[in-house]
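Contents: one structure, followed by commentary.
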Amino acid sequence: MTGPTSGFNTRAIHAGQEPDPATGAVIPPVHLTTTYKQDGVGGLRGGYEYSRSGNPTRTALHEALAALEEGTRALAFASGLAAEDTLLRTACRPGDHVVLGGDAYGGTFRLISRVLSEWGLEYTPTHLDDPDALRAAIRPTTRVVWCETPSNPLLNITDIEVTAAVAHEAGALLVVDNTFASPYLQRPLTLGADVVVHSTTKYLGGHSDVVGGALVVRDTGLGERLAYNHNAMGAVASPFDSWLVLRSLKTLGVRMDRHCANAARVAEFLLDHPAVASVLYPGLPTHPGHDVAAKQRSGFGGIISFRHRDVEDAALKVCERAQVFTLAESLGGVESLIEHPGRMTHASAAGSPLEVPSDLVRLSVGIEDVEDLLADLDSALG
Ligand SMILES: *Cc1c(COP(=O)(O)O)cnc(C)c1O
């Protein structure tokens, strides 16, 4: 049994994942079933009637995620963006307004600016690390402040406690996309955030073999409304995807420790490299968000961006020459990845306020032997 006082890794391994009462199986089964036999009409065993509405493997993941983020309720979705869509259509009505960070994940910006805007959602991108800019962006109709810290791909840090206070003054919810930090390094709900969003595709899944998303909340009323729409809108996580994420949560702590240690070495190496103009990593004391990051999280994570001294072509060549770092989108898996945000993950932000510099390279530092990672970058940088 685990409780709220159990340590993080104990919760990651056991919360929601007690041995199967029927068989003693130590690992929760993948309940690949769409429907459940009823003992007489309405006689549900354990409340299950149809797998969009409820599935025991997904329930196990909900309990584990709620325990790790210290929320009252978690819900697992088919992707991070499915979670975001359900959240925004639950928290907002057409005509309502959202403030989001000026360098939010490109897919989040696209969902809001291209899809939900058609439905009537209004939005303002701003500098969330500046409380005055946030106050200036807020309108009477603002329902949500959407914050990513650290942000993708510029690794800007936002003070969650300060942002929560400003959002709450205005009667808005603070949503924190905690994908980059993971609950092992940062628990926004304990710092005043109302909702945590995850792309479980990234560190929570951790092995680049599942696409998924999650929401975790503190308020039980909001949790009820989201759970209703989770079923009513139907973008739920499949039993097998839920099982993959549960399997991965068990090693989240050891993986994150290694991601952080490797990334710290890679950041130092890049800092000294003549082809590198600047290194964006919150673990560096020179990073503008270092002190806030040190206050609100227990490690600096595995994502590093850097700007090449030369223009776009040189940055593209580094991405193409790397061998151990795989040229690919996504992040947070055990293997190291390299990408060019301007041409890849953030291409849809071109021409918008969220456009990223063309000399920028983003690394997702994996858990390989760090000497191999350093040698690879050295030869890719030329
Ligand atoms: C990947 C990502 C998302 C979107 O998640 P999907 O699982 O790809 O839908 C949202 N936020 C951040 C920070 C991400 O990196």
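Each ligand, and each atom within it, is numbered from 1 in the order the structure gives.
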Protein heavy atom at shortest distance from atom 3 (C) of ligand 1: Y105 CE2, 3.4 Å

Of the options R307, K317, R343, which is the one that meets D359 in a salt bridge (Lys or Arg N to Asp or Glu O under 4.0 Å)? R307

Contact list for residues 281-305, test ring-ring contact (aromatic ring centres under 6.0 Å, His included), sequence neighbours left out: H290-F300

Return yes when G212 approaches ligand 1 closer than 4.0 angstrom through a heavy atom, no otherwise. yes

Using a 4.0 Å heavy-atom cut-off, say whether T201 meets ligand 1 through its side chain, its backbone, both or neither. side chain

Does S199 reach ligand 1 with a nitrogen or oxygen that is under 3.5 Å from one of the ligand's nitrogen or oxygen atoms? yes

For ligand 1, which atoms have a heavy atom of D177 less than 4.0 angstrom away? 10 (C), 11 (N), 12 (C), 13 (C)

Using a 3.5 Å cut-off on N or O atoms only, is V211 in polar contact with ligand 1? no

Only pairs under 3.5 Å count here: list side-chain donor-acceptor contacts from residues 118-129, not counting sequence neighbours, and write none if there are none.
from	atom 1	to	atom 2	distance (Å)
E122	OE1	R139	NH1	2.8
T124	OG1	H97	NE2	2.6

Between H340 and H346, does the ring centre distance come in under 6.0 Å? no

Taking 4.0 angstrom as the limit, do R225 and D219 come out as a salt bridge? no

Within ligand 1, which atoms have a heavy atom of E84 less than 4.0 Å away? 10 (C), 11 (N)

Tell me whether L331 has any N or O atom under 3.5 angstrom from an N or O of ligand 1. no

Pi-cation contact, Y184 with K250 (under 6.0 Å, within 45°): no

Does ligand 1 come near enough to K202 that some N or O of the ligand is less than 3.5 Å from an N or O of the residue? yes

Mind running salt bridge (charged side-chain N to carboxylate O under 4.0 Å, His left out) on R218 and E70 for me, showing each step along the way? CA-CA 8 Å; R218 281 191 299 158; E70 301 185 37; over 6 Å; no

